[in-house]
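Everything below concerns the one structure shown next.
Chain identifiers are assigned alphabetically (A, B, ...) following the order of the sequence lines, protein sequences preceding nucleic acid strands; residue numbering begins at 1 within each chain. Only this structure's heavy atoms are used, side chains among them; waters, hydrogens and symmetry mates stay out.
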Number of protein chains: 2
Amino acid sequence: MVDRRSGVPAFRQVAADLRQKISTGTYSPGDQLPSERELTEAYDVSRPTVRDAINMLKSEGLVTSEHGRGVFVRPPATIQRIARARLSRAARAQNKGAFLADAASRGFTPSTSVKVRFEQADVRVAEHLAIEEGAEITVRDRVMRADGLVVQLAVSRLPRDFTRGTAIEEVDTGNGGTYARLEDAGQVIGRFIEHVGARMPTPDEASLLQLADGVPVVTVTRVAYSTEGKPLEMNDMILAGDRYELSYEWLAD
Amino acid sequence: MVDRRSGVPAFRQVAADLRQKISTGTYSPGDQLPSERELTEAYDVSRPTVRDAINMLKSEGLVTSEHGRGVFVRPPATIQRIARARLSRAARAQNKGAFLADAASRGFTPSTSVKVRFEQADVRVAEHLAIEEGAEITVRDRVMRADGLVVQLAVSRLPRDFTRGTAIEEVDTGNGGTYARLEDAGQVIGRFIEHVGARMPTPDEASLLQLADGVPVVTVTRVAYSTEGKPLEMNDMILAGDRYELSYEWLAD
DNA sequence: CAGTGGTCTAGACCACTTA
DNA sequence: AAGTGGTCTAGACCACTGA
């Protein structure tokens, strides 16, 4: 039951009570919560009020609802740790990029689809690639799947000057991928920088990545620099926040 | 107006229309949306339906509502880029840790409060620190503020074996901080690994960090290893997803 | 078929902001 | 005082799931 005189809104009291029951294990991961009608009686509030409470828990990522079935405590997803260390030249020579090899080694059947197009650089792109705003760029749009499920979105952009006449402007970049073709063309990669952030997905991203309510995306922008410090490529990646974790390692001195 | 026969729920149609008006600039960052009553008339739906639509936009982080004032398009926060490269011994020798120096250089008045306590390692901690579950650990709980506002939460954990008799068990660890004291005690740090993820905040975190609806937190778990590869410390950090971006750099080979 | 969540309405009253 | 969002009700009907 809710305390009417406390000043705390009823739906928050209900949410707090359910949240506490979840964290103390009264409801375990995978368990079904009482139905909305049952909660209505238990707390003596109207159904919209119960739904407000459940909505709150959904946007916190604590529960998911399934139409016709019930509301369930969201079990933690199995987290893939992605170590950022295997972009070395040696590893690249062997395959078509980190993703395919990685997925295969985990027992997934990986697949990717790629679209290539050409655009003009906007402010952000121009800044990362150290080119003029409006300069022509090559854009490679990638959707990565594991067992048919979309697990990662990636958009790679390069100044067109570096890609003209190379397989980078083709859908199939060939053995070793984009980075290998850059080096074929004499652009030797010396350094990577990744910028990592998080935000809520757009509705499009949420449906593509099949994200439940209350699951953010991790955004990674990787910029590849030549040995002289010239930006060669930027790659915007989007990952499901509940399924991926990025690991970075460096030496103390 | 909404299309009643389309099968798409009315509140989604309203949300989609408002979302589109935000992304195309009909409403710019900082602009006030029409009031809920006005939207009720414009789309010919009830107020709860309008509120459902606005709630959706709030949990996407697109708008914020202010009681008594209105609903506003959320302006992008200024993003602080944190480069993970300044944990070098040289830099540490000069100050009390990266945060204080960093904030000061940006013109903020930084402050931190620390609590020290002792606990037993749970599964996750035991795994990261390569110790037995239940082993005694020293926990340093830190709240970091810039101009009085909480900007970061950090919980540092070390096997108690490494901290007994050192200033790490005191609130003030002295010049150079925890890492310097570890090295005083003969534990030389050789390597760092950071694990980065994202999730929605708990209500506690949201109020501490003053997060708006629809803003995730970035979680960083940094583990410091000795030169022999022994885990010395793990540090769980929580940052506001709309204000921070982490940058990592490494060489191609 | 019964039970579940999903959508929607037409109100009511409250709390807060601004003028 | 007027206008805003915040809370809450008591229904109704729909869509989906599973026995």
Side-chain angles (χ1 to χ4, degrees), chain A residues 1-18 27 30-74 203 206-207 212-214, chain B residues 1-18 27 30-74 203 206-207 212-214:
Chain A
M1 292 281 267
V2 300
D3 179 357
R4 244 60 220 223
R5 300 155 313 180
S6 70
V8 179
F11 80 93
R12 286 183 195 282
Q13 293 185 48
V14 174
D17 192 59
L18 292 173
Y27 305 127
D31 280 2
Q32 180 171 7
L33 262 51
S35 78
E36 295 181 351
R37 272 93 172 171
E38 283 169 346
L39 294 172
T40 290
E41 294 206 358
Y43 295 104
D44 194 29
V45 292
S46 71
R47 191 165 158 227
T49 300
V50 165
R51 284 185 62 80
D52 278 350
I54 289 177
N55 249 318
M56 199 170 181
L57 301 182
K58 283 207 281 189
S59 58
E60 289 169 20
L62 279 180
V63 302
T64 51
S65 58
E66 296 178 36
H67 195 171
R69 299 223 313 128
V71 177
F72 301 85
V73 179
R74 206 147 73 77
S207 70
D213 281 337
Chain B
M1 291 282 267
V2 298
D3 179 358
R4 242 63 220 223
R5 299 154 316 179
S6 70
V8 180
F11 80 93
R12 285 182 195 281
Q13 294 187 47
V14 174
D17 192 61
L18 292 173
Y27 305 126
D31 280 3
Q32 182 171 5
L33 261 51
S35 77
E36 295 181 353
R37 272 92 172 172
E38 284 168 344
L39 293 172
T40 290
E41 293 207 358
Y43 295 104
D44 194 29
V45 293
S46 71
R47 193 166 155 225
T49 300
V50 166
R51 285 184 62 80
D52 278 350
I54 289 177
N55 249 320
M56 200 172 180
L57 301 182
K58 284 208 281 190
S59 56
E60 290 169 20
L62 279 180
V63 302
T64 51
S65 57
E66 296 177 37
H67 195 172
R69 299 225 313 130
V71 177
F72 301 85
V73 180
R74 209 148 71 78
S207 71
D213 281 337

As a test of reading the structure: which of [options] is closest to the side chain of [X], going by heavy atoms?
X: B/His67; options: C/dT7, C/dC16, C/dG6; value: C/dC16
X: B/Ala10; options: C/dC8, C/dG5, C/dT18; value: C/dC8
X: B/Arg47; options: C/dC13, D/dC8, C/dG6; value: C/dC13

Please state how far atom [atom1] in [X] lies from atom [atom2] in [N], giving the value in whole angstrom units.
X: B/Arg69; N: C/dC16; atom1: CZ; atom2: C1'; result: 11 Å
X: B/Phe72; N: C/dC16; atom1: CZ; atom2: C1'; result: 13 Å
X: A/Glu36; N: C/dT4; atom1: CD; atom2: P; result: 10 Å
X: B/Asp213; N: D/dG5; atom1: CG; atom2: C1'; result: 13 Å
X: A/Leu39; N: C/dG3; atom1: CG; atom2: C1'; result: 14 Å
X: A/Phe11; N: D/dG5; atom1: CZ; atom2: C1'; result: 12 Å
X: B/Glu41; N: C/dG11; atom1: CD; atom2: P; result: 13 Å
X: A/Asp44; N: D/dT9; atom1: CG; atom2: C1'; result: 12 Å

Original post:
Got more than 12 heavy atoms from elsewhere within 6.0 Å of CD, A/Glu66?
Top reply: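 Counting other residues, nucleotides and ligands, CD of A/Glu66 exceeds 12 neighbours.
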Original post:
Heavy-atom count around A/Glu41 CD within 6.0 Å, excluding the residue itself: above 12?
Top reply: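 No, because the 6.0 Å sphere around CD of A/Glu41 holds 12 heavy atoms or fewer from other groups.
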Original post:
Would you say B/Met1 and B/Asp17 make side-chain contact, with heavy atoms under 4.5 Å?
Top reply: no
**OP:** Compare all side-chain heavy atoms of B/Leu18 with those of B/Tyr27 and state whether any distance is below 4.5 angstrom.
**Re:** yes
Does [X] make a side-chain N or O approach to OP1 or OP2 of [N] shorter than 4.0 Å?
X: B/Arg4; N: C/dT9; value: yes
X: A/Ser65; N: C/dT4; value: no
X: A/Arg37; N: C/dG3; value: no
X: A/Ser46; N: D/dC8; value: no
X: A/Arg12; N: D/dT7; value: yes

Subject >> Heavy-atom pair with the smallest gap, counting every atom of B/Ser65 and B/Lys58 >> reply: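 Nearest heavy atoms, B/Ser65 then B/Lys58: OG-NZ, 3.0 Å.
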Original post:
Checking B/Gln32 side chain against B/Arg69 main chain: does a donor-acceptor pair fall under 3.5 Å?
Top reply: yes
**OP:** Kindly say whether A/Tyr43 contributes a backbone atom to a donor-acceptor pair with the side chain of A/Gln13 at under 3.5 angstrom?
**Re:**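 Judged by distance alone, no pair lies under 3.5 Å.
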Original post:
More 5' along DNA chain D: A/Val45 or B/Gly68, using each one's nearest nucleotide?
Top reply: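 It is B/Gly68, whose closest nucleotide lies nearer the 5' terminus.
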Subject >> Close residues, residues 48-58 of chain A, relative to DNA chain D [heavy-atom separation under 4.0 Å] >> reply: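 Close to the strand are A/Pro48, A/Thr49.
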